[in-house]
Amino acid sequence: MTQSRVAITNELGLHLRAAARLVVVANRHKAKVTLSANGKTVDGKSLLGITSLLAKKGTVVTIEADGEDETAAIEALAALIHAGFSTTS
Amino acid sequence: MVGILIATYGDIGRSLLDTAIDLAGEPAPLATTITLNDHQDRAQEWSGLVAAADTVDSGDGVLLMVDMFGSTSSTLALSLLADRNVEVLTGVNLAMVLRAMLNRKDTDLKTLSEDVLQYGRRNVTSSATWLKSGDHAQGND
């Protein structure tokens, strides 16, 4: 299992657009992905789950991935958050 | 991959699909929309719907989402069931379109249809419900 802690940098936090883009990137990987923040852990491939974290700008989110491509998944998801969700690559 | 077709009065379907694509941040292949207004010629509407369904069917079938049960779209959509691999859902909303786009890669038409139906229903809620300890707060999906 691989883990990374990333602070949300965009103004609106983990709103619907950001969550949708996280799901798109998470779905590109086989690894099971979870996101944790504010004392809650949710499925990283779940739109409702991610938005329910209510993670605002500055909130530190812990991303965990478990599976054959877990490292690539973590890197891609962390890069997306760092970029303020402006890209899905 | 299952195709997505949204059939509605006016531009509702187009707006829903465009918005879902914008939110997801990536294009949606095998997805299109059609406007079916009841002042159009019925034969023309029918052939337009058939053509649209064929456009997005790569062999895995089509999830056809329409605005309301009883609308022109739903009436025509039900006729498609007879000779095409189509599942029809009524009451299309943004959550359903997004769910269908994000979850259709490794699933079959029947499974996707049921999943999108349940997801759409769960997204029709009230603040009084989801601010309590409902599924949203639990992060379930």
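We find the CG-CG distance between B:Asn123 and A:Leu48 to be 5.0 Å, quoted to the nearest 0.5 Å. Distance check, rounded to the nearest 0.5 Å: CG of A:Leu47 to CZ of B:Arg99 gives 8.0 Å.
Both B:Met101 and B:Leu117 are assigned to one and the same hydrophobic cluster, defined by single-linkage of ILVMFWY side chains at heavy-atom distances under 4.5 Å. Under a hydrophobic-cluster definition in which Ile, Leu, Val, Met, Phe, Trp and Tyr are linked whenever side-chain heavy atoms come within less than 4.5 Å, directly or via other members, B:Leu81 and B:Leu64 are assigned to the same cluster. Both A:Ile81 and A:Val24 are members of a single hydrophobic cluster when ILVMFWY side chains are connected at heavy-atom separations under 4.5 Å. When hydrophobic clusters are built by joining Ile, Leu, Val, Met, Phe, Trp and Tyr residues whose side-chain heavy atoms come closer than 4.5 Å, directly or via intermediates, B:Val56 is not grouped with B:Val92.
A donor-acceptor pair under 3.5 Å links the side-chain atoms of A:Arg21 to the main chain of B:Leu23, judged by distance alone.
Across all non-hydrogen atoms, the minimal contact from A:Val23 to B:Leu102 is CG1-CD1, 3.7 Å.
Both the backbone and the side chain of B:Asp22 come within contact range of chain A, judged by heavy atoms closer than 4.5 Å.
Heavy-atom neighbours of B:Asp11 CG from other residues, nucleotides or ligands within 6.0 Å: at or below the threshold of 12.
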